[in-house]
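We name chains A, B, ... by the order of the sequence lines, and we start the count at 1 in each one.
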There are 2 protein chains.
Amino acid sequence: MKLTSKGRYAVMALVDLARFDNINPVSLRDISLRQGISLDYLEQIFSKLKKNEIVKSIRGTQGGYVLNKNPNDIKLTNIFHAVDEKVKTVQCKKESKKGCNGKATKCITHNLWDELEIHINTFFENKSLKDLLTNNKETRV
Amino acid sequence: MKLTSKGRYAVMALVDLARFDNINPVSLRDISLRQGISLDYLEQIFSKLKKNEIVKSIRGTQGGYVLNKNPNDIKLTNIFHAVDEKVKTVQCKKESKKGCNGKATKCITHNLWDELEIHINTFFENKSLKDLLTNNKETRV
DNA sequence: TCTAAACTTGACCATTTTAGTCAGGTATGT
DNA sequence: ACATACCTGACTAAAATGGTCAAGTTTAGA
């Protein structure tokens, strides 16, 4: 299962973006400074977000990024999928004709992981960027 | 987030164990052969399961492992915890006095990960080894 | 009592993934 | 024209993963 900093950064950056892009495009530099994420790394992440049509880019001076959809329509599933965070619990090779063990059977626990995957994905499908904006203001420790 | 082969192997091995330990202790060698998991690796895993009192060991010829509890009382949470599969989504340092960013605030998405963690853990707390035994027989592909 | 089966422990390691950095671009508003 | 900001691909140090290897100890049974 992969769920690492890259996905977290993507979400953080998009929440940041969603807050400011009403006025102007938001530069990665600003996000970098506000969120404490390396600029170079952000560029990699936004390249993928753009390919997946979650953000639009505006080049040149005063350029930056803006959301390409309504925050309510950007689900966490979309974000993670875009940055290759695979919510995949184990590598039971589904596509292969053989089972997970190289035998002709599914491994004992196969169904369990399927269930878990559904459980987690449901969570992400029901959460949108908007939910994060309204419920999760940056709070003091 | 960590949820890898080690946890999967642990669950597979315990399901295997639960099926056979009514009669005799089950040797790791047998589990290794049946489940296709390296014997040496199983030893590492069972060492941890034993420390966490999930299994008992019986040394010597005809020895092996047996469950230390009723399958109904062994929740997946216990198993994952035992083998250090941390169902922890991101490294927001909770214990530190500082926030996740090194700033004095929680990061924007902090609550999200907390929610997710609870969501996943709930799943695992409600699943016992017994559930796997009854619902998930090894099935043909 | 001897021996083989099975547990026990700890060191070691190749590969892959992660979380970036670096070095060069290209586009465009002013 | 030039500074700002996007764009792209190569590279890499460190950590995690998924093991292997070696050298034991314990004990049932012949």
| task | Give B:Phe46 one of three labels, base, sugar-phosphate or nothing, depending on what nucleic acid heavy atoms sit under 4.0 Å from its own. | result | nothing
| Do you know which of A:Val26, A:Ile45, A:Leu14 makes side-chain contact (heavy atoms from CB on, under 4.5 Å) with A:Ile31? | A:Val26
| Does A:Gln44 make a side-chain donor-acceptor contact with the base of C:dT21, cut-off 3.5 Å? | yes
| request: Identify, with sequence neighbours excluded, every residue that meets side-chain hydrogen bond (donor to acceptor under 3.5 Å, both in side chains) alongside B:Asp16. | output: B:Arg34, B:Gln35
| request: Verify the contact: side-chain N or O of A:Lys50 to OP1 or OP2 of D:dC7, cut-off strictly under 4.0 Å; return yes or no. | output: yes
| field | First of A:Ile58 and A:Ile37 reached from the 5' end of DNA chain C, by closest nucleotide | value | A:Ile37
| side-chain N/O A:Ser38 vs C:dT21 OP1/OP2, d < 4.0 Å | yes
| field | Lys/Arg N to Asp/Glu carboxylate O, A:Lys127 vs B:Glu115, below 4.0 Å | value | yes
| field | Summary of protein contacts for nucleotides 22-30 of chain D, nucleotide by nucleotide, where a base hit scores B, a sugar-phosphate-only hit scores S (4.0 Å, heavy atoms) | value | --BBBBB--
| Can a side chain N or O of A:Thr4 be found less than 4.0 Å away from OP1 or OP2 on C:dA19? | yes
| remark: When rounded to whole Å, the CG to C1' distance for the pair B:Leu39 and C:dT8 reads 12 Å
| query | Any side-chain N or O of B:Tyr65 under 4.0 Å from OP1/OP2 of C:dT8? | reply | yes
| message | Side-chain N or O of A:Tyr41 versus OP1/OP2 of C:dT18: is the shortest distance under 4.0 Å? | response | no
| task | Could you check whether B:Val26 gets within reach of a base, just the sugar-phosphate, or nothing at all, counting any heavy atom under 4.0 Å? | result | sugar-phosphate
| said: For a quick test of reading the model: is some side-chain N or O of B:Ser57 closer than 4.0 Å to OP1 or OP2 of C:dT8? | reply: yes
| said: Tell me whether the rings of A:Tyr65 and A:Phe46 are parallel (<30°), tilted (30 to 60°) or perpendicular (>60°). | reply: tilted
| message | We want to know whether B:Ser128 and B:Lys75 form a side-chain donor-acceptor pair, criterion being a heavy-atom distance below 3.5 angstrom. | response | no
| task | Among B:Val83, B:Asp73, B:Leu129, B:Asn78, find the residue that satisfies the side-chain contact (heavy atoms from CB on, under 4.5 Å) test when tested with B:Ile54. | result | B:Asn78
